[in-house]
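Encoded as structure tokens, the structure appears first; notes follow it.
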Amino acid sequence: MPELPEVETIIRGLARRVINRRIAGVEFHEPRTVVGDPAQAVERLLGQTIRGIRRHGKYIVFDLQKGRKESCLVVHLRMSGNFVLDGEPGPHTRAIVELEGGPTMVFHDIRKFGRWQVSDDLPARLLQLGPEPLEISESEFVKQLRGRRAMAKALLLNQEFLRGLGNIYADESLFRARIHPRAITSRIGVKRAARLHRAIQEVLTDAIAQGGSTINNYVNSEGGQGYFQLSTAVYGKTGEECTVCAAPILRIIVASRSTHYCGRCQRP
DNA sequence: CGAGTCCTGTGT
DNA sequence: ACACAGGACTCG
């Protein structure tokens, strides 16, 4: 479900209420949710104080401290994971973290794809990811993009190229930059590449700004709607009129993912 | 590169 | 019954 803007909104919502709280209780209801042995993870989490929450691409990193020792809890929400503070446990609850003098973090995940990992250091996987889309400079982005030979959509989804974009924002960014999803990146001109850089940053910034006010509820209570109020230009708009030229929005498969674009605005 | 896999729910 | 879902890994 969540891409960079949603994860960003979620960590902001969490940060306000869980920073400097100590973990007083941990339950895992679904062993798959945990990388490694759940009982061991519980052991390692108990008594830890949450000193910070960061987003790394689509990963959520909880910085933990107990005495002099630091460690971290890394959570990836994948398709359907979400946090609800003081939420009601239900059939889809996979983990619960009780904080001393603070809220209880209830983790729901219908599809069970979400993963929690407790680790001394940031797992290697995270360090292999590409730069943050909102931090990379235009010149660096242009250089990297043109230095690779891949379909534009596939490259945007590749977390080792950029971390945090997913299917929605990849489509939306390409539409805004008027680049065909199957365009070969090594052949994209400097000007178009720069346009894509700008498009990505605008799309993400807008989404964070929009999501911010509404997804907070998402974190604080059941049934938040921020995510569903998200307005898209092409994603999920197959057959509807393009907002720019009124041509129908098309749907194709690229990188094994459903891909939406305007056949007139985004020429091959 | 694409295809299959992990899961469950929803919509047609 | 079937297609599809906002992710990412493994395989050929």
- [ ] Specify the separation, in whole Å, of atom CG of Asn158(A) and atom P of dG2(B).
- [x] 13 Å

Open item on the list: Test your reading of the model: is there a side-chain donor-acceptor pair from Asn167(A) to the backbone of Ser258(A), 3.5 Å cut-off?
Closed with: yes

Task: Protein-nucleotide distance (Leu157(A), atom CG; dG2(B), atom C1'), rounded to Å - done: 14 Å

Task: dC1(B) to dA5(C) separation - C1' atoms, rounded to the nearest Å - done: 23 Å

TODO: Just call it for Arg115(A): base, sugar-phosphate, or nothing, with non-hydrogen atoms closer than 4.0 Å on any strand.
DONE: nothing

TODO: Identify which nucleotide among dC4(C), dA3(B), dA8(C) has an atom closest to any side-chain atom of Arg251(A), counting heavy atoms from C-beta outward.
DONE: dC4(C)

Task: Presence of Ser258(A) side-chain N/O under 4.0 Å of dC4(C) phosphate oxygens OP1/OP2 - done: no

- [ ] Using atom types as modelled and distance alone, determine if a side-chain donor or acceptor of Glu240(A) lies under 3.5 Å from a backbone N or O of Ile249(A).
- [x] no

Task: Watson-Crick or G-U pairs under 3.5 Å in DNA chain B, rendered as dot-bracket with [ ] for crossing pairs and | for another strand - done: ||||||.|||||

- [ ] Output yes when a side-chain donor or acceptor of Gln65(A) lies under 3.5 Å from a complementary backbone atom of Gln48(A), and no otherwise.
- [x] no

TODO: Provide the distance between the two P atoms, one in dA3(B) and one in dA3(C), to the nearest whole Å.
DONE: 14 Å

Open item on the list: Any base atoms under 4.0 Å from Arg125(A), or only sugar-phosphate, or nothing? Heavy atoms, all strands.
Closed with: sugar-phosphate

- [ ] Look at the side chain of Arg115(A) and the backbone N and O of Lys112(A), then say whether any donor-acceptor pair between them is shorter than 3.5 Å.
- [x] yes

- [ ] To the nearest Å, give me how far apart CG (Leu156(A)) and P (dG7(C)) are.
- [x] 12 Å

- [ ] Could you tell me the separation between the CD1 atom of Ile168(A) and the C1' atom of dG7(C), rounded to a whole number of Å?
- [x] 12 Å

- [ ] Would you please confirm or rule out a distance under 4.0 Å between OP1 or OP2 of dC1(B) and any side-chain N or O of Arg182(A)?
- [x] no

- [ ] May I ask whether Phe113(A) stacks on the base of dA8(C), given the cut-offs of 5.5 Å between ring centres and 30° between planes?
- [x] no

- [ ] Ignoring the backbone of Tyr235(A), work out which of dG7(C), dA5(C), dG2(B) is nearest its side chain.
- [x] dA5(C)

TODO: Measure from the side-chain N and O atoms of Lys153(A) to the backbone N and O of Leu174(A), and report whether any donor-acceptor pair falls under 3.5 Å.
DONE: no

- [ ] Mark yes or no for whether Gln159(A), through its side chain, and Gly164(A), through its backbone, hold a donor-acceptor pair below 3.5 Å.
- [x] yes

Task: For atom CZ of Arg78(A) and atom C1' of dC6(B), their distance in whole Å - done: 9 Å

Please list each protein N or O that sits under 3.5 Å from an N or O in nucleotides 8-12 of chain B, with the distance.
from, atom 1, to, atom 2, distance (Å)
dT8(B), OP1, Lys112(A), NZ, 3.0
dG9(B), OP1, His92(A), NE2, 2.8

Task: Separation of Glu98(A) CD from Glu27(A) CD (nearest 0.5 Å) - done: 8.5 Å

- [ ] Take the angle between the ring planes of Phe83(A) and Trp116(A) and call it parallel below 30°, perpendicular above 60°, tilted in between.
- [x] tilted

- [ ] State whether the side chain of Arg163(A) and the backbone N or O of Gly130(A) hold a donor-acceptor pair below 3.5 Å, judged by distance alone.
- [x] yes

- [ ] Under the side-chain hydrogen bond (donor to acceptor under 3.5 Å, both in side chains) rule, collect the residues that match up with Arg182(A), sequence neighbours excluded.
- [x] none

- [ ] Classify the nucleic acid contact of Ala154(A) as base, sugar-phosphate or nothing, counting any heavy atom under 4.0 Å across all strands shown.
- [x] nothing

Open item on the list: Does a side-chain N or O of Gln159(A) approach OP1 or OP2 of dG7(C) to a distance below 4.0 Å, or not?
Closed with: no

TODO: Output yes when at least one side-chain N/O atom of His76(A) is less than 4.0 Å from OP1 or OP2 of dA8(C), else no.
DONE: yes

